[in-house]
*Asks:* 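Pasting a structure here, questions to come.
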Amino acid sequence: MFTKKILTLLLALTGSSFLFSQVRISADFDTGSIGNHALLDSVWVKTSANDSILTLTYEIQSRFDPLNPVDTALRPSARWYHFRMEGVKGKQVFLNIKNSEVIRPFYSYDGINYNRFEEVESPFRGTINKIFTSDTVYISHFLPYTYTRNSQKMDYWKSLENVKYEVIGESSQGRRIEMLTVTDNSYDNTGKRLIWIHGRSHPSESPSSWHLEAMIDEITSDTPFAKELRKNAVFYIIPYINPDGVYGGYSRSTSTGVNIEVNWDSPDSLTMPEVKALKATLERVTKERPLDLLLNMHSQIASSVTYWIHTAESTTDRFLKEQLMLSSLTINYTPYYRPKDQSFSAVAPRYVEGWIWDRFSESTVAITFETPYTYYNEERSGTWVSSENLKELGYSVLYAVSDLFDLDGKNRVFVNLADLKRTNGWVKSDAGYKRLFFGDSYLISQRENSRLRVVIPYLEQGEYDLYKWVVGPSAEVFPNDVNRWQKSAKITQKRDGRYVWRSRAIGQGDEQSAILLVRKR
Ligand SMILES: [Zn+2]
């Protein structure tokens with residue numbers, strides 16, 4: 001009785017602050033981050049005769065990265081937030097999150113399973129309005145991909161056959177920079193394609209890690225496709241090039257404030273240990289020959305997928321064509337990437353792509369790939385980004401890479417028609433690299449009905465779809481029905497052995513580059 005009286009008295013004296021002071025906000029965990037935050041307002045709202053609900057309004061700042069000591073003219077970024085609120089059960093919480101862009105961020109009641117806020121709960125940039133049903137809630141800019149998850153996946157990947165694990169350096173705070181080398185060592189490495197993939201230079205870009213995880217899962221798997229990839233390529237994969245940044249919940253920098261994405265042309269004294277480790281390893285693996293491909297995995301605020309394609313003016317027409325081939329092939333394999341989403345920029349030495357260009361020029365396609373945080377195709381009513389569709393997108397990139405470098409001669413049989421010996425009635429051309437085709441030339445028919453005959457000496461028994469490449473312009477934007485595979489036949493190969501494909505030109509000027517036979521599972 002006495003206690004109840006005191007409590008009533010206390011409530012009367014302190015007002016509702018006694019109750020809402022029970023909400024605690026923290027970010028002292030893996031990938032946690034929050035800047036200044038303050039309770040702006042609190043009010044009890046009577047919802048019925050006998051019921052009321054406490055509504056709390058907070059203003060929350062996403063934390064700025066430290067000032068960049070290498071270049072103080074570069075403004076520090078904020079974007080990433082991932083914080084915990086305790087004591088929120090049954091309360092209506094309004095959050096106004098500053099210094100960050102996304103709508104419909106994620107929340108979780110256990111710090112493991114995350115959901116997007118519903119449209120009505122987060123209709124505008126930085127605003128959240130929800131009555132939480134558990135006492136503790138985690139709120140995150142995007143589905144987190146934590147340091148711990150990467151460590152667990154690394155433990156799994158490095159336990160697999162065909163995977164070599166290596167620590168290539170240490171971050172400023174002493175975290176390991178870890179690389180997986182994936183290839184089938186029972187096949188000689190000398191003829192293999194060399195493919196380098198790294199991610200998370202920008203720690204806030206967690207969609208890129210879900211995307212890359214799916215790629216690594218496939219590359220290291222037992223699928224027929226993965227086996228062929230490992231026969232024909234060596235993959236050097238560094239999932240986290242900025243482990244301190246990821247763990248510490250930074251947005252675009254390391255714990256020291258440096259954006260290592262643009263640290264590649266700094267003098268040695270200002271080059272971060274992470275970049276030094278990458279440079280030394282790149283130099284080591286390219287001692288014999290250049291990489292064929294370097295993929296730099298990022299995520300962007302724009303609601304679309306993109307590659308950052310280097311312009312012909314800053315490289316060459318041929319190099320532009322190669323990058324556009326990778327981009328078009330990726331578009332071919334996903335509904336989430338369109339020709340008009342392609343991005344273009346000049347190659348610059350402050351980026352890894354520029355560092356590679358200065359050494360290997362056209363030999364290495366070095367390119368950044370971006371996944372969005374919100375939805376695809378700039379279509380808010382369309383598909384929102386999830387770990388599941390980022391995984392699908394991972395396969396799209398792998399199929400594109402496989403086609404570009406002909407990495408799977410068994411399940412995805414590729415024939416470059418310009419390699420045919422007899423091409424009467426056709427001329428070979430490179431069209432000044434103003435068209436998109438495989439390799440360094442393609443075929444243009446000189447008359448109607450010019451014949452092509454492809455002999456595949458050994459094709460395994462099975463069902464295949466046969467695709468022809470539709471040659472289109474090497475341009476920043478192109479129609480959806482060109483620069484892609486077009487299904488042209490279904491094939492049944494009754495027994496292992498020779499397969500012959502015949503085709504005729506539909507008219508003068510018919511363009512043919514390649515065919516692809518994709519085996520059905
Ligand atoms: Zn980035």
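As the structure lists them, so they are numbered: ligands from 1, and atoms in each ligand from 1. Each residue takes its place number in the sequence, starting with 1.
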*Asks:* What orientation do W357 and F319 show, parallel under 30°, tilted 30 to 60°, or perpendicular over 60°?
*Replies:* tilted
*Asks:* Ignoring hydrogens and angles, tell me if any N or O in the side chain of S402 forms a donor-acceptor pair with the backbone of L398 under 3.5 Å.
*Replies:*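 No.
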*Asks:* Taking W355 for its side chain and K279 for its backbone only, find out whether a donor-acceptor pair lies under 3.5 Å.
*Replies:* no
*Asks:* Considering residues at least two apart in sequence or located in another chain, which fulfil the ring-ring contact (aromatic ring centres under 6.0 Å, His included) criterion with H202?
*Replies:* H298
*Asks:* Enumerate the residue pairs fulfilling ring-ring contact (aromatic ring centres under 6.0 Å, His included) with a member in residues 240-260, sequence neighbours excluded, ordered by first and then second residue.
*Replies:*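 Checked against ring-ring contact (aromatic ring centres under 6.0 Å, His included) - neighbours excluded - the pairs reaching residues 240-260 are Y147-Y247.
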*Asks:* Name all residues meeting the ring-ring contact (aromatic ring centres under 6.0 Å, His included) criterion together with F117; count only those two or more places apart in sequence or in a different chain, and write none if there are none.
*Replies:*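 If we apply the ring-ring contact (aromatic ring centres under 6.0 Å, His included) test to F117, skipping adjacent residues, the hits are Y107.
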*Asks:* How many protein atoms of type N/O/S are positioned less than 2.8 Å from the Zn ion (ligand 1)?
*Replies:* 4
